[in-house]
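First the structure, in the form of structure tokens, and then the observations on it.
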2 protein chains.
Amino acid sequence: MFRIGELAKECEVKADTLRFYEKHGLLSPSMRSESGYRLYTEQDAERLRFILRAKAVGFTLSEITELLSIDLDKSNWACADVKGMVDIKLANVEEKIAELNHFRVSLQRLSDACCGGPESAEHCSILEALESNVEVKCENHSHDHGETEYKTSCKLKG
Amino acid sequence: MFRIGELAKECEVKADTLRFYEKHGLLSPSMRSESGYRLYTEQDAERLRFILRAKAVGFTLSEITELLSIDLDKSNWACADVKGMVDIKLANVEEKIAELNHFRVSLQRLSDACCGGPESAEHCSILEALESNVEVKCENHSHDHGETEYKTSCKLKG
DNA sequence: CTTGACCTTAGATTTAACTCTAAGGTTTAT
DNA sequence: ATAAACCTTAGAGTTAAATCTAAGGTCAAG
């Protein structure tokens with residue numbers, strides 16, 4: 001049995017957050033002490049960890065509520081319903097991964113096009129790409145910066 | 001040249017949102033008409049699309065501002081700075097992808113363990129897993145549901 | 001020359017998810 | 001037996017990112 005502050009510390013959230021989750025039906029302590037203190041079981045803690053994992057990955061609290069709340073009402077749901085929900089979330093996650101991958105590729109391309117040296121960013125491929133949103137092209141620091149102690153490199157050039 | 005409503009419609013945002021972005025320094029129209037109407041160029045539109053792409057993938061507006069604002073101040077940044085920022089965002093994105101993958105695997109495991117049929121969810125592997133957060137184990141609908149017109153399947157069983 | 005669709009500003013409201021405040025009761029340690 | 005650290009509730013405040021409202025100016029069509 002944890003008191004609210006203990007569970008909060010254990011899971012690195014604020015006690016306020018746990019009260020908030022309770023108010024919103026995500027997580028209620030299994031017991032109260034005589035004096036009314038919340039008492040959380042290890043199961044409660046597991047549930048909290050699930051919530052936090054789900055949250056860390058971009059689920060909203062209402063999505064998490066939805067995911068967890070079927071449980072209160074089990075017998076009125078079929079496996080198909082439950083699996084359907086999971087599969088929708090799964091599709092969401094896959095979509096997000098795809099979006100992130102798209103962006104990761106863009107960022108990688110930007111990163112690769114920039115020499116990353118101490119030259120002024122005035123001719124930086126990254127900034128040019130952000131400005132014009134055209135295809136990333138490679139830097140060529142051939143103009144004189146007054147700096148000659150290193151070479152620029154560009155992975156796109158090979 | 002687009003007026004605010006045209007650009008908004010084109011990019012599927014509200015005109016309000018564009019004013020909001022302007023107020024927060026993300027995107028200003030290149031011109032104003034005589035009567036004070038905002039006039040956006042194709043470049044402005046590209047910039048908006050970049051913002052929206054970044055947003056779709058989980059960047060906050062202030063991260064986007066940061067990413068875009070270096071541009072106003074180019075000569076005071078070195079390529080190293082710019083590339084550094086991009087690489088930090090890249091690492092963020094990769095981290096998010098990793099988190100999402102972790103979750104995707106969990107969801108997939110849940111999905112695979114559930115027969116997905118019309119049986120009551122009272123013995124649903126998914127709900128049991130959410131409840132107890134223990135390892136997903138396979139459903140066995142051997143008890144009588146009064147439903148016999150199909151077989152349950154479980155990918156974990158093979 | 002007016003109707004309707006558009007635009008302007010400033011500022012209030014919304015939603016999600018906390019986070020904090022006030023006013024007080026409980027537990028533990030000294 | 002009292003201070004410090006905890007807990008209670010109700011309700012207000014915060015932040016991000018819009019979204020809406022009010023009060024009015026502009027513009028093209030009939």
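None of these values were measured; they are calculated from a predicted model. Letters A, B, ... mirror the listed sequences (proteins, then strands); counts begin at 1.
- Listed by residue number, B:Ser35, B:Tyr37 are the residues of residues 29-40 of chain B with a heavy-atom contact under 4.0 Å to DNA chain D.
- In this structure, the side chains of A:Arg38 and A:Met1 stay at 4.5 Å or more apart for every pair of heavy atoms.
- Following rounding to the nearest Å, A:Arg19 (CZ) and C:dC20 (C1') show an atom-to-atom distance of 11 Å.
- Summarising the geometry of B:Leu39 relative to B:Ser33, their closest heavy-atom pair is CD1-N, 3.6 Å, with the distance given to 0.1 Å.
- Across all their heavy atoms, B:Thr65 and B:His24 have their closest contact at OG1-O, 4.3 Å.
- For the pair A:Asp81 (side chain) and A:Ala78 (backbone), a donor-acceptor distance under 3.5 Å is present.
- Contact footprint of chain A on DNA chain D: nucleotides with an atom under 4.0 Å from a non-hydrogen protein atom, first to last in 5' to 3' order, D:dC6 to D:dT9.
- Nearest heavy atom pair, residue A:Ala45 against residue A:Leu7, reads CB-CD1, 3.7 Å.
- Per the geometry, CG belonging to B:Leu7 stands 15 Å off P belonging to C:dC6, to the nearest Å.
- We find that CG of A:Leu52 is positioned 13 Å from P of C:dA17, with the value rounded to whole Å.
- Atoms CZ (B:Phe20) and P (C:dT14) sit 17 Å apart, rounded to a whole Å.
- Formation of a donor-acceptor pair under 3.5 Å by the B:Asn101 side chain with backbone atoms of B:Ala98 is not found in this model.
- In this structure, CG in A:Leu27 is found 11.5 Å from OG1 in A:Thr17, a value given to the nearest 0.5 Å.
- Among the atoms of the strands shown, only primed sugar atoms or phosphate atoms (P, OP1, OP2) are found under 4.0 Å from some heavy atom of A:Arg3.
- Of all nucleotides listed (C:dC18, C:dT19, C:dC7), C:dT19 comes nearest to the side chain of A:Asp16.
- In terms of position on DNA chain D, the residue among B:Thr17 and A:Glu22 whose nearest nucleotide sits closer to the 5' end is A:Glu22.
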Give the intermediate values and the outcome of salt bridge (charged side-chain N to carboxylate O under 4.0 Å, His left out) for residues B:Glu22 and B:Arg19. CA-CA 5 Å; B:Glu22 182 174 347; B:Arg19 291 193 201 95; over 6 Å; no
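- Spacing between atom CD of A:Glu12 and atom P of C:dT19 amounts to 13 Å, rounded to whole angstrom units.
- In this structure, the NE2 atom of A:His24 is 9 Å from the C1' atom of C:dA16, given to the nearest Å.
- Panel note: side chain A:Arg53, backbone A:Leu48; no donor-acceptor pair is recorded below 3.5 Å.
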